[in-house]
Amino acid sequence: GFGQALDLSSNDTIRLKVEDMISDKADKYQLTGLATEGYVGTTFSTLFKVERDGITTEITEERNYASGILDQPNEYKEPVSTWQRFDINGLTIGAFYALVALGYTMVYGVLKLINFAHGDMFMWGAYLGLTGLNVAVALLSGGSALMLIPVIILVMVTMALVGVLVERVAYRPLRSAGRLAPVISALGVAFILQSLARNVYGASWKTYPNVLALGGRINLGGGASVAVMQIVVLAVSFALMGALYLFVQRTRIGTAMRAVSLDHDVSRLMGIDVNRIIAIVFLIGPGLGGIAGVIVGVYYGSFDFTLGWL
């Protein structure tokens with residue numbers, strides 16, 4: 001039986017005969033219902049044998065059994081599909097959080113201000129997306145994935161305008177007041193936005209309508225698969241990040257943004273309207289955050305008013 005592969009799946013029953021190497025006492029263990037992601041519960045550190053269908057493999061190392069492949073004695077390999085699933089999930093989650101981070105870093109790059117309110121604008125994007133989808137479902141007496149497009153556009157525009165308003169009211173009057181006052185103002189705006197969301201929508205978890213028809217999975221081979229929802233999230237996120245990169249690198253406004261991030265005074269001497277550029281930054285950043293909020297709501301299906309505290 002040595003060197004012959006054992007396929008340990010989640011539905012297998014594995015009988016282990018554990019032999020104590022000191023007292024030579026033998027105990028028998030019956031393990032059932034191994035979890036797909038790995039068995040957590042029993043660690044064997046003595047010599048034991050795996051017996052299945054007449055095949056016996058001796059193991060002398062401490063390990064936990066999980067679903068996967070035992071190719072040869074003293075060797076355990078995690079299934080390739082598990083790591084592929086981890087990679088896909090991590091890439092998907094990182095994609096929409098990157099949208100939030102881009103807006104956050106744009107504000108810091110131009111103003112050197114930690115915009116604590118940015119996360120709550122992201123949270124409001126999720127709430128406004130929920131409201132828009134509910135209205136669309138009620139008006140259309142049903143739903144489809146296409147209704148996400150106008151909802152995302154409306155949320156982006158709304159949160160962009162909110163961002164400009166917050167900059168004009170809470171940050172611009174304090175721009176020359178030192179470093180501490182704008183930070184305190186940003187914290188105040190964050191608390192206001194969070195409290196407003198809790199009072200308007202309630203403190204309970206909200207659930208997105210399950211009518212978007214984005215189910216199903218695509219097989220990638222090797223036992224791995226990707227959900228259609230993950231493909232949509234990745235496509236939208238990378239498209240927005242690519243568009244932002246081209247905007248910053250290839251347009252005159254993008255060049256002005258990079259100049260303002262280096263030095264406000266020199267930018268003014270070069271004829272750049274610094275206040276206008278900062279307003280555009282607060283237009284783009286919260287807009288991206290609002291889109292990310294809708295994506296998170298659709299992807300996870302539920303959220304609450306603490307979503308903005310990343």
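Computed from a prediction, not measured in an experiment: that's the story for all the values here.
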Q. Roughly how far apart are Ile192 CD1 and Asp120 CG, rounded to 0.5 Å?
A. 10.5 Å
Q: Find out if a path of hydrophobic residues (ILVMFWY) with successive side-chain heavy-atom gaps under 4.5 Å connects Val162 to Val200.
A: yes
Q: Carefully, step by step, assess Asn275 and Arg168 under the rule side chain to side chain donor-acceptor pair (under 3.5 Å).
A: CA-CA 10 Å; Asn275 288 333; Arg168 181 64 63 89; over 6 Å; no
Q: Drop me the distance from Asn199's CG to Gln194's CD, to the nearest 0.5 angstrom.
A: 10.5 Å
Q: List the atom of Ser267, the atom of Val274, and the distance in Å for their closest heavy-atom pair.
A: CB-CG2, 4.2 Å
Q: Determine yes or no for a side-chain-to-main-chain donor-acceptor pair under 3.5 angstrom, with His264 supplying the side chain and Val110 the backbone.
A: yes
Q. What are the two closest heavy atoms between Ile277 and Ala256, and how far apart are they?
A. CD1-CB, 3.6 Å
Q) Ignoring hydrogens and geometry, is there a side-chain-to-backbone donor-acceptor pair from Thr105 to Leu102 under 3.5 Å? A) yes
(Q) Using every non-hydrogen atom in the two residues, find where Leu174 and Ala170 come nearest and quote the distance to one decimal. (A) CD1-O, 3.6 Å
Q: Go through the steps for Arg175 and Leu111 under the test side-chain contact (heavy atoms from CB on, under 4.5 Å), then give the verdict.
A: CA-CA 9 Å; Arg175 197 175 297 169; Leu111 283 180; 4.1 Å; yes
(Q) Looking at Asp263 and Val266, would you say the former's side chain and the latter's main chain have a donor-acceptor pair under 3.5 Å? (A) yes
Q | Cluster link Tyr108 to Leu187, ILVMFWY, side chain under 4.5 Å | A | yes
**Q.** Between Ser261 and Arg258: side-chain donor-acceptor atoms closer than 3.5 Å
**A.** no
Q.
Would a single hydrophobic cluster contain both Phe116 and Ile184, if residues Ile, Leu, Val, Met, Phe, Trp and Tyr are joined by side-chain heavy-atom contacts under 4.5 Å?
A. no
Q. Would you call the rings of Phe96 and Tyr300 parallel, tilted or perpendicular if under 30° counts as parallel and over 60° as perpendicular?
A. perpendicular
Q. Does the pair Asn89 and Gln230 meet the rule for a side-chain contact (heavy atoms from CB on, under 4.5 Å), with working shown?
A. CA-CA 8 Å; Asn89 291 341; Gln230 291 176 317; 2.7 Å; yes
**Q.** Candidate pair Leu240 and Leu244, rule side-chain contact (heavy atoms from CB on, under 4.5 Å), full reasoning
**A.** CA-CA 6 Å; Leu240 290 172; Leu244 179 63; over 6 Å; no
Q | Rounded distance [0.5 Å steps], CG in Leu234 versus CE in Met229 | A | 11.5 Å
**Q.** Least distance between heavy atoms, His118 atom then Gly285 atom
**A.** CE1-O, 3.3 Å
Q. Do you know which two heavy atoms are closest between Ser204 and Asp304, and how far apart they sit?
A. O-CB, 4.3 Å
Q. Can any side-chain N or O of Thr251 pair as donor or acceptor with the backbone N or O of Phe247 at less than 3.5 Å?
A. yes
Q. Just how far is it from atom CE of Met156 to atom OG1 of Thr158, taken to the nearest 0.5 Å?
A. 9.5 Å
**Q.** NZ-CZ distance between Lys112 and Arg179, expressed to the nearest 0.5 angstrom
**A.** 8.5 Å
Q: Keeping to residues at least two apart or across chains, list the ring pair (Phe, Tyr, Trp, His ring centres under 6.0 Å) pairs with something in residues 176-202.
A: Trp124-Tyr201, Tyr127-Tyr201, Phe191-Trp309
Q | Min side-chain heavy-atom separation Phe122-Leu99 under 4.5 Å | A | no
**Q.** For Arg276, all residues meeting side-chain hydrogen bond (donor to acceptor under 3.5 Å, both in side chains), sequence neighbours excluded
**A.** none
Q. Above 12 or not: heavy atoms from other molecules or residues under 6.0 Å from OH of Tyr245?
A. no
Q.
Heavy-atom count check: over 12 atoms from other residues, nucleotides or ligands less than 6.0 Å from Arg268 CZ?
A. yes
Q | Atom pair CG/CE of Leu193 and Met121 - distance to nearest 0.5 Å | A | 6.0 Å
Q. Should Val294 and Leu154 be counted in the same cluster of Ile, Leu, Val, Met, Phe, Trp and Tyr side chains packed under 4.5 Å apart?
A. no
Q) What are the two closest heavy atoms between Pro286 and Phe282, and how far apart are they? A) CD-O, 2.8 Å
Q) Do the side-chain N and O atoms of Tyr171 and Asn115 include a donor-acceptor pair separated by under 3.5 angstrom? A) yes
(Q) Any side-chain to backbone donor/acceptor pair from Thr207 onto Ser302? Under 3.5 Å, distance only. (A) no
Q) Would a hydrophobic clustering, with Ile, Leu, Val, Met, Phe, Trp and Tyr connected at side-chain separations under 4.5 Å, put Leu288 with Phe238? A) yes
Q | Criterion side-chain contact (heavy atoms from CB on, under 4.5 Å) on Ile291 and Val155, from CA distance to verdict | A | CA-CA 7 Å; Ile291 296 175; Val155 170; 6.0 Å; no
